[in-house]
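Worksheet: the structure to be examined is printed underneath.
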Amino acid sequence: MQEKDMVADILSGTKASIDSYSKAITECANQQLRSTLQQLRNEAEQFQYQLFQIAEQKGYYTPAPTADQQSIQEVKSGLSGGTTGMK
């Protein structure tokens, strides 16, 4: 197995872990457990970002082009418009 494939596998697994932590946090009533899960999620996010940076530097990953300000504003407007009825 090539290093590029190993990095991709680890990134994929880490992202899946972050998703699992996030789901568990939203369903957790015990504050101590919730805090522990949040800490674990934060650490996994930091690890994922560090590994992403390494993958990018080695040319294993090319991020999508940077969005222009108009596109960003359109997404923000669309997201904020969908939550106006929430309390």
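Just so we're clear, the structure is a prediction, and the values are computed from it rather than from any experiment.
- The CG atom of Asp9 sits 12.5 Å away from atom NZ of Lys4, with the distance rounded to the nearest 0.5 Å.
- Using modelled atom types and a 3.5 Å distance limit, the side chains of Gln31 and Ser35 yield a donor-acceptor pair.
- The salt bridge (Lys or Arg N to Asp or Glu O under 4.0 Å) check on Glu43 picks up nothing, with sequence neighbours excluded.
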Legend entry - Test log, rule side-chain contact (heavy atoms from CB on, under 4.5 Å), inputs Val7 and Tyr61: CA-CA 10 Å; Val7 169; Tyr61 181 83; over 6 Å; no
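- A continuous path of ILVMFWY side-chain contacts below 4.5 Å connects Ile25 to Leu33, so both sit in one hydrophobic cluster.
- Counted by atom type alone, Gln46 and Gln50 present zero donor-acceptor pairs between their side chains at under 3.5 Å.
- Atoms OG and CD, from Ser80 and Gln73 in turn, are 8.0 Å apart once rounded to the nearest 0.5 Å.
- For the residue pair Asp68 / Ser71, a side-chain donor-acceptor distance below 3.5 Å is found, with atom types taken as modelled.
- The structure places CZ of Phe52 at 9.5 Å from NZ of Lys15, a figure rounded to the nearest 0.5 Å.
- To the nearest 0.5 Å, atom OG of residue Ser12 and atom CD of residue Gln48 are 10.5 Å apart.
- Atom CD1 of Ile72 sits about 4.5 Å away from atom CD of Gln69, to the nearest 0.5 Å.
- Although no hydrogens or angles enter the test, the distance criterion places a donor-acceptor pair under 3.5 Å between the side chain of Thr26 and the main chain of Lys23.
- For the atom pair Gln38 CD and Arg41 CZ, the distance stands at 5.5 Å (nearest 0.5 Å).
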